[in-house]
Amino acid sequence: MLNSFNNHEELSSSHHVFSHYCENDNESYASKYLPPLTSSSSSQINGKEMHIHPKISSTIIIGEPFSALIHSLVPSPQLLLNDTDDQTIYDEYAFRIDINANEQQYEIIPIKENEQVKLKWLTHLDSTYKLDVVHLPLKEQEIIDKIDPKQLRQDTKFSLLFQQSFGIPASLRPQIWMCLSGSVHKKHQAKMSYTDMLKQCNNDNQLYSKHIEKDLLRTLPTNACFMTINASGISRLRRILRTIAWLFPDIGYCPGMGVSCATLLLFFEEEDAFWMMCSIVEDLLPGQYYSASLFGVQVDIRVFRYLIQQYLPNIHELFNEHDIDLTLICFQWFLTLYSNVFHTKFLCRLWDYFFLHGSIILFQIGLIMLKQYENLLIESNNSAQIFNFLCELPQLFEEEHGTNEQIFHDLPKLFNLTSAIIESYRKKYLAELMSQEGFTINPKMNLINLPKDILHRRQNQQSSSTNRLFFGKKSNHNQALMERNITQTEMLVNLREGILKIAKHFKDNDPDEYNQENLDLNVDYSIESHVKDHEHYANISLQKYKRAKALVDFECQDSNELGFKKNDILKILSMSDEHCWIGELNGKHGWFPAKFVQLVDERSKLYSLAGDDSVDENISNLVRGKLATCIKSILEHGLRKTPIVLGGVCHPWLFIEEAALHAINKDFDSVYARLILCKTYRLDEDGRILTPEELLCRCIRSINYTHNLAHAQMDVKLRSFICVGLNEQVLHLWLETLCSCTEIINKWYLPWSFLRSPCWVQIKCDLRVLQQFSFTLQQDYELPAAYRQLDVLSSVRDMLIKHHLFSWDL
């Protein structure tokens, strides 16, 4: 990292160290420049014109053009030939200023750093942390060995220096930021270098590349380093955003991170800017801040609104009275870390406190802006005035209070807020938001792991861990244990998220049957709950009548016939005749062809269209896609892959087959006899339901028979197995049966695996929630058409011809 204020030399961006990773651009995009900020503006309040910038001086002082940039980013003169007239100038951060548009006087004065203030900082680093401050810049390896980020943030003298010097000296700022954020530790502890990630990124066909390309020129459109496709910063920004999208598949690309990244590139070399972004995304902000759902930003805006209610009640009443939606204003504040609303000079001071105190500063700067102009806001008499004033508020605050040192002194202590308080509010409002989105979480319950609190990195990367940054180097054994614990937590969170999405699907598509009153998605981990499992399983048979789903439309010709439409659910009253059954629909009784309907299941549970994949394909995607993937990852966790087991060919389905066979062999004679009797006399349809173990054996036999004919892969068998378990409401009981086979478990799994640890009980309790829902999932859904059951209409026509029942129209 270079001193930002050294004399510039002639450098070309084409010789940048990462320039050979730049892709060819096939499309050109026109830059739509944002209008330059005017030096004064006004708004109407109570019929009077109020000037928003009364304190601004007639002459604006700026530094020498490009003097605050790192050397390698300074644009070459050839790229600025069109902007060399007398009406266009650039400030020290390379932002373009149109003199005519602003009608303002500018004075260019070289920026001189306060050497006495810088000396105080260097003296403290030397005396407290024993750093070599004579040979600048500071050596990164020395920083890693001698400075702990947590210790630095808790250093009272360090905080006092902030107040005395009005922020970090500009020449030391990049390295102090990297130390405070922990990014310098990330950079040197990573298993894969940024260069290697670039190679992987370029080989990976990302879905986000086109979106990134379209946003490049919109990021900082008035900055000389980012205003044209050939500008010095564009290729760097492109590479960092693509690498972030590749490294964090849970996030991909979010437009908001581009502005923050481009701002960092003004002060950092490309690789350092990348690791700074990693620290922001992983450690300084909540895990879902830049995800597709943007839950993190939405939650922070709700927390911000609550803080306004608590500490600025007059403004809260004003917003409620005029129905002001803060999301429209504050969304870009939080998403871009205020880099889209403050000038870079003021933003650097704000980010000094952001990296020192964390994301709590995002709330405190917003609150202090509203507090300073509370009286003006209350005088507003309509929503348009309030909205316009809030849009101009950051610029007004910066111009009037940007040089007020007391504002920054009071910022960390504002309203006595702490990071612990903010985190508690975030958990509360995240639960509330997910409940409103249909995830049906009880907002009052104690939530430890809400979905995606931990971001998932590529598997060949070193997982992020704040603890690793804070506590320094650990042994390889401890690092491996820590990474396994993080992986296990991610698996449980993903499983819970998959279950909640299924619950949302049933709630949205069958609201009469599944609503807040009769659904309980709170997981019961008590010992008593396991005792009740088999009792609940047996109680399903208490429903004496059966249900059937209509396969086709049937129009009744006689008064004693029962007509219905496809997918109607009929109550079966009599099945004494093989071909004609008697049923009830909407209070009407009658008889109908048995071939025209299909029993919902053999244990007479309720039926729901939301759980039938022949009616709604979304449930198939949720089960075979999200849920099955989560369960497979759990079953693969710690699965032995040594030549001891089948020459290294290992799959969870093979374990399931052997464990089920072992469970059946415990009581082979009685189980086998029951299966034969049930198959011959259909005893399970007459009230004598099979045990979960017997259902497990029958399920595996059926899947192997149908899927082996189609040469289906074991992944397909596993997904079909999960579907049958959901149909029979015994998936959690099957897991218990499999994990109870200790001998087989020890053979197939390593000691630290999920299924050999007590964690499988937690997984069983999570899966138990799914027994509340009625699934009708086809076992042969993924098989080729030739291996599925015969077409329903064809079989019905055969029956009509055989029994001369031509009066029934299809």
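Only heavy atoms go into these numbers, but all of them, side chains included; no hydrogens, no water, no symmetry mates.
- Between Met227 and Leu217 there is no side-chain heavy-atom pair separated by less than 4.5 Å.
- Between the side chain of Gln310 and the main chain of Tyr306, no donor-acceptor pair closer than 3.5 Å is present.
- Separation of atoms CD (Glu399) and NE2 (His343) is listed at 10.5 Å; rounding is to 0.5 Å.
- The two atoms that bring Pro110 and Glu64 nearest to each other are CG-OE2, 3.3 Å, heavy atoms only.
- Looking at Arg349, its side chain never comes within 3.5 Å of a backbone N or O of Thr403 through a donor-acceptor pair.
- Within the 3.5 Å criterion, the main-chain N or O of Ala384 finds a donor-acceptor partner in the side chain of Asn388.
- Between the side chain of Ser380 and the main chain of Asn382, no donor-acceptor pair closer than 3.5 Å is present.
- For Gln116, the CD atom counts as loosely surrounded, since its 6.0 Å shell holds 12 or fewer non-hydrogen atoms of other residues, nucleotides or ligands.
- Thr219 approaches Ala262 most closely through the heavy-atom pair CG2-CB, 3.7 Å.
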Side chain to side chain donor-acceptor pair (under 3.5 Å) between Ser67 and Glu92: does it pass, once the steps are laid out? CA-CA 5 Å; Ser67 60; Glu92 63 269 35; 5.6 Å; no
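- In terms of heavy atoms, Pro149 sits closest to Gly182 at CG-CA, 4.3 Å.
- In summary, Glu282 and Lys186 engage in a salt bridge, as defined by a charged side-chain N under 4.0 Å from a carboxylate O.
- Taking CD1 from Ile168 and CZ from Phe162, the interatomic distance works out to 3.5 Å, rounded to the nearest 0.5 Å.
- Under the 4.5 Å side-chain criterion, counting only non-hydrogen atoms from C-beta, Leu294 is in contact with Cys254.
- Remark: Pro394 engages Trp333, Val341, Phe342, Met369 in a side chain to side chain contact (heavy atoms under 4.5 Å, CB included) (not counting sequence neighbours).
- Here Phe304 contributes atom CZ and Gln364 contributes atom CD; the two are 11.0 Å apart, rounded to the nearest 0.5 Å.
- The shortest side-chain heavy-atom distance between Pro174 and Asp272 does not fall under the 4.5 Å cut-off.
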Dump the intermediate steps for side chain to side chain donor-acceptor pair (under 3.5 Å) on Asp300 and Tyr289, then the final yes or no. CA-CA 9 Å; Asp300 274 7; Tyr289 227 74; 2.7 Å; yes
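- For the residue pair Asp510 / His505, no side-chain donor-acceptor distance below 3.5 Å is found, with atom types taken as modelled.
- Remark: Asp215 engages Arg218, Tyr253 in a side-chain hydrogen bond (donor to acceptor under 3.5 Å, both in side chains) (not counting sequence neighbours).
- For the ring-ring contact (aromatic ring centres under 6.0 Å, His included) criterion with Phe346, the lone passing option out of Phe408, Tyr338, Tyr93 is Phe408.
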Before you tell me yes or no, could you show the steps for Gln406 and Asp410 under side chain to side chain donor-acceptor pair (under 3.5 Å), namely the whole-Å CA-CA distance, both residues' side-chain angles and the distance that decides it to 0.1 Å? CA-CA 6 Å; Gln406 191 61 38; Asp410 298 338; 2.9 Å; yes
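- One finds the CG atom of Leu265 at 11.0 Å from the CG atom of Leu69 (value rounded to the nearest 0.5 Å).
- The distance from the CG atom of Leu492 to the CD atom of Glu497 is 13.0 Å, given to the nearest 0.5 Å.
- Ring-plane geometry between Tyr353 and His357 is classed as parallel, the angle between the planes falling under 30 degrees on a 0 to 90 degree scale with a further cut at 60.
- Taking Thr336 as the reference, nothing meets the side-chain hydrogen bond (donor to acceptor under 3.5 Å, both in side chains) condition, with sequence neighbours excluded.
- For the pair Glu374 (side chain) and Leu312 (backbone), a donor-acceptor distance under 3.5 Å is absent.
- Residues meeting the side chain to side chain contact (heavy atoms under 4.5 Å, CB included) test with Thr128, sequence neighbours left out: His124, Asp155.
- Shown here are the side chain to side chain contact (heavy atoms under 4.5 Å, CB included) partners of Ser383, two or more places apart in sequence or in another chain: His322, Ile324.
- Closest of all the heavy-atom pairs between Cys330 and Ile301 is C-CD1, 4.3 Å.
- Paired with Phe506 under the rule side chain to side chain contact (heavy atoms under 4.5 Å, CB included), one option of Ile502, Asn509, Asp508 passes, and it is Ile502.
- Under a cutoff of 6.0 Å and an axis angle of 45°, Lys504 and Tyr514 do not form a cation-pi pair.
- Between Lys120 and Leu125 there is no side-chain heavy-atom pair separated by less than 4.5 Å.
- For Ser359, the side chain to side chain contact (heavy atoms under 4.5 Å, CB included) criterion is met by Leu285, Phe354, Leu362, Arg426, not counting sequence neighbours.
- Annotation: the span from Gln372 atom CD to Leu367 atom CG amounts to 12.0 Å, rounded to 0.5 Å.
- Of all non-hydrogen atoms in Leu73 and Cys225, the two that sit nearest each other are O-SG, 3.5 Å.
- In terms of modelled atom types and a separation under 3.5 Å, the side chain of Trp177 and the main chain of Met276 share no donor-acceptor contact.
- Between Ile244 and Tyr290, every side-chain heavy-atom pair lies at or beyond the 4.5 Å cut-off.
- Counting heavy atoms from C-beta outward, Gln298 and Phe334 have side chains that stay 4.5 Å or more apart.
- Here the closest non-hydrogen pair linking Phe355 and Ser181 is CD2-CB, 3.9 Å.
- Counting only heavy atoms from C-beta outward, the side chains of Asn114 and Pro169 never approach each other to under 4.5 Å.
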